[in-house]
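A short write-up of the structure that comes next.
Lettering follows sequence order; numbering is per chain, from 1.
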2 protein chains.
Amino acid sequence: MQKQQYLSKNQKIVLEHVEKANQPLKAYSILYNVQKKGLKAPLQVYRALDKLVEIGKIHKIESRNAFVACKNANCVVSNATAFSICESCEKVTEINNSKLSKYLGNFEDSSGMKYSKYNLEFFGLCKKCKNK
Amino acid sequence: MQKQQYLSKNQKIVLEHVEKANQPLKAYSILYNVQKKGLKAPLQVYRALDKLVEIGKIHKIESRNAFVACKNANCVVSNATAFSICESCEKVTEINNSKLSKYLGNFEDSSGMKYSKYNLEFFGLCKKCKNK
DNA sequence: TTGTATATTGTTATAATATAACGTTATGTA
DNA sequence: TACATAACGTTATATTATAACAATATACAA
């Protein structure tokens, strides 16, 4: 069987919902909102999310247990993710900085371990919240 | 009231247990193992962990929902953490690389956001697992 | 040393997040 | 067609984490 080319029904439903949001969504909030479309159980959402994360269409914000759609045109860097998170309003933005990704993509430490993947989360106050 | 100088009873118990482990521990595994010392409920463990994370004695491995003791002598960089995680044996190591921490500590992107904290998790295969 | 504020504790209940296990249906391709 | 893999649907349950409340301990200023 070929590597999957098209998204399945549930995967499409979940992805469309997450893409419409402009903030990270929790799995159970997704579930609640796609129930009208036929997804009734947590597992249906989690399975779709798992696959979408695997192929890079969606990223998980680990510190928040939440999911955002990838904003990078073609999601080529799904194994190399960086986010900025405002600790006040919880706004999350995917960082797309070629210098940073180059630096981290080539990073090696003394352990002899070669890294195939990374996830970086920056925290602080966004412009708006800083000026309050 | 002064900034806390000494750890409380529960905080000491939890920290000592986490420090003895050479791998990240789950909260409920900690709970199970400190029950003989009087901590009976999850909240007692979570509260101690929260405080210990706050003061930098313990770090949370977000992608694993697990906790490790800080290995940096004086835990000065508790708001700037980096870990390597082997996806096969789950061994986790805290990365202590001044170039990396300098680079990330000074990182600014175009959003105008200044970061006060970051957490970075690298994934790959450790030396041992790579040679299998 | 007494009052006051804050931190920590103990406890029960419950919320939120995620997966196991089972059988079925769909899809790609040899 | 037959086979393998992926996705689906469903029920139950595991795992992770917090709410809410009352009590006790600690630091320090008046």
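For A:Ser8 and A:Asn10, the side-chain atoms include no donor-acceptor pair closer than 3.5 Å.
Ring to ring, A:Tyr103 and B:Tyr103 are close: their centroids are under 6.0 angstrom apart. Side-chain rings of B:Phe122 and A:Phe107 approach one another, their centers coming within less than 6.0 Å.
Distance CG (B:Leu7) to P (D:dA25): 19 Å, rounded to an integer number of Å. Note: CD (B:Gln11) to C1' (C:dT9) measures 11 Å, nearest angstrom. Rounded to an integer number of Å, the gap from CG of A:Leu31 to C1' of C:dT17 is 12 Å. For B:Tyr6 and C:dT8, the OH to P distance is 15 Å, given to the nearest whole Å. When rounded to the nearest whole Å, the span between CG of A:Leu25 and P of C:dT17 equals 12 Å. One atom, CG of B:Leu52, and another, C1' of C:dT9, lie 15 Å apart when rounded to the nearest Å. With rounding to whole Å, A:Tyr32 atom OH is found 19 Å from C:dT17 atom C1'.
Considering only side-chain N and O atoms, A:Lys51 lies under 4.0 angstrom from the phosphate OP1 or OP2 of D:dA7. A close approach under 4.0 Å does occur between a side-chain nitrogen or oxygen of B:Ser8 and OP1 or OP2 of C:dT9. Put simply, B:Lys9 has no side-chain N or O that comes within less than 4.0 Å of OP1 or OP2 on C:dT8. For D:dA6, the OP1/OP2 oxygens have no side-chain nitrogen or oxygen of A:Asn10 closer than 4.0 Å. For C:dG10, the OP1/OP2 oxygens have a side-chain nitrogen or oxygen of B:Gln44 closer than 4.0 Å.
Side-chain heavy atoms closer than 4.5 Å link hydrophobic residues (I, L, V, M, F, W, Y) into clusters, and following such links, even through other members, never connects B:Ile61 to A:Ile85.
Relative to the axis of its first five pairs, the axis of the last five pairs of the helix from C:dT1-D:dA30 to C:dA30-D:dT1 sits at 40°, rounded to 10 degrees.
Remark: B:Lys130 NZ is packed, more than 12 non-hydrogen atoms of other residues, nucleotides or ligands lying under 6.0 Å away.
How far CD1 of A:Ile95 is from OG1 of A:Thr81: 10.0 Å, rounded to the nearest 0.5 Å. With rounding to the nearest 0.5 angstrom, the CG atom of A:Leu125 is 14.0 Å from the NZ atom of A:Lys91.
A salt bridge links B:Lys117 to A:Glu87: one of the charged nitrogens lies within less than 4.0 Å of a carboxylate oxygen.
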Would you mind building the protein contact string for nucleotides 11-24 of chain D? One character per nucleotide, 5' to 3', B for base within reach (heavy atoms under 4.0 Å), S for sugar-phosphate only, - for untouched.
B----BBBBB----

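Sorted by first and then second residue, the side-chain hydrogen bond (donor to acceptor under 3.5 Å, both in side chains) pairs involving residues 26-45 of chain A (not counting sequence neighbours) form an empty list.
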